[in-house]
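Below you'll find the structure, written out as structure tokens, and then a few comments.
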Amino acid sequence: TLQVLAPLLAALRDHPALTEGSPGEFHLRDGRRFIHFHEGAEGIYGDVLLAKGRVAMRVSTNAEQDELLERIDRVLESLAVRVPKQTRER
């Protein structure tokens, strides 16, 4: 599973707002669990914390992985906007 997700995992590892706990499980800098991956009957899924709560998104194809990354970027950008300037990393 993680081999199929290698490019997606690399992008998540590079994101400054995330830390990787165990392989394929990422947390926000404040420690909240943000995303993890698992296999389901119809493919690979990422359970991710989005604006509307925790959502299971299929990530078996490159297109699905791209869509997930776009949604993650939007959520993490909105979180950065809410962080007071003096506490943001430079």
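Rounding to the nearest 0.5 angstrom, the gap separating the CG atom in Leu8 from the CZ atom in Arg13 is 9.5 Å. Rounding to the nearest 0.5 angstrom, the gap separating the CZ atom in Arg32 from the CG atom in Leu49 is 6.5 Å. Here the straight-line distance linking atom CD1 of Ile35 with atom CG of Leu9 works out to 9.0 Å at 0.5 Å rounding. Distance check: Glu25 CD to Asp47 CG gives 10.5 Å after rounding to the nearest 0.5 Å. Going from atom CG of Leu5 over to atom CG of Leu68 covers 9.5 Å, rounded to the nearest 0.5 Å. Phe26 CZ to Leu12 CG: the interatomic distance, rounded to the nearest 0.5 Å, is 4.5 Å.
Across every non-hydrogen atom of Ala51 and Val75, the tightest pair is N-CG2, 3.9 Å. When every heavy atom of Thr19 is checked against every heavy atom of Arg29, the shortest pair comes out as CG2-NH1, 2.8 Å. Annotation for Ser60 and Gly43: closest pair OG-CA, 3.3 Å, computed over non-hydrogen atoms.
Of the residues Val4, Val59, Val48, the one that meets the side chain to side chain contact (heavy atoms under 4.5 Å, CB included) test with Phe37 is Val59.
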I'd like to know whether Arg74 forms a side chain to side chain contact (heavy atoms under 4.5 Å, CB included) with Leu50, so could you lay out the CA-CA distance, the side-chain angles of the two residues, the decisive distance to 0.1 Å, and finally the verdict. CA-CA 9 Å; Arg74 285 195 302 267; Leu50 298 177; over 6 Å; no

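Ring-plane geometry between His38 and Tyr45 is classed as parallel, the angle between the planes falling under 30 degrees on a 0 to 90 degree scale with a further cut at 60.
Formation of a donor-acceptor pair under 3.5 Å by the Glu20 side chain with backbone atoms of Gly24 is found in this model. Glu64 places a side-chain N or O within donor-acceptor distance of the main-chain N or O of Thr61, the cut-off being under 3.5 Å.
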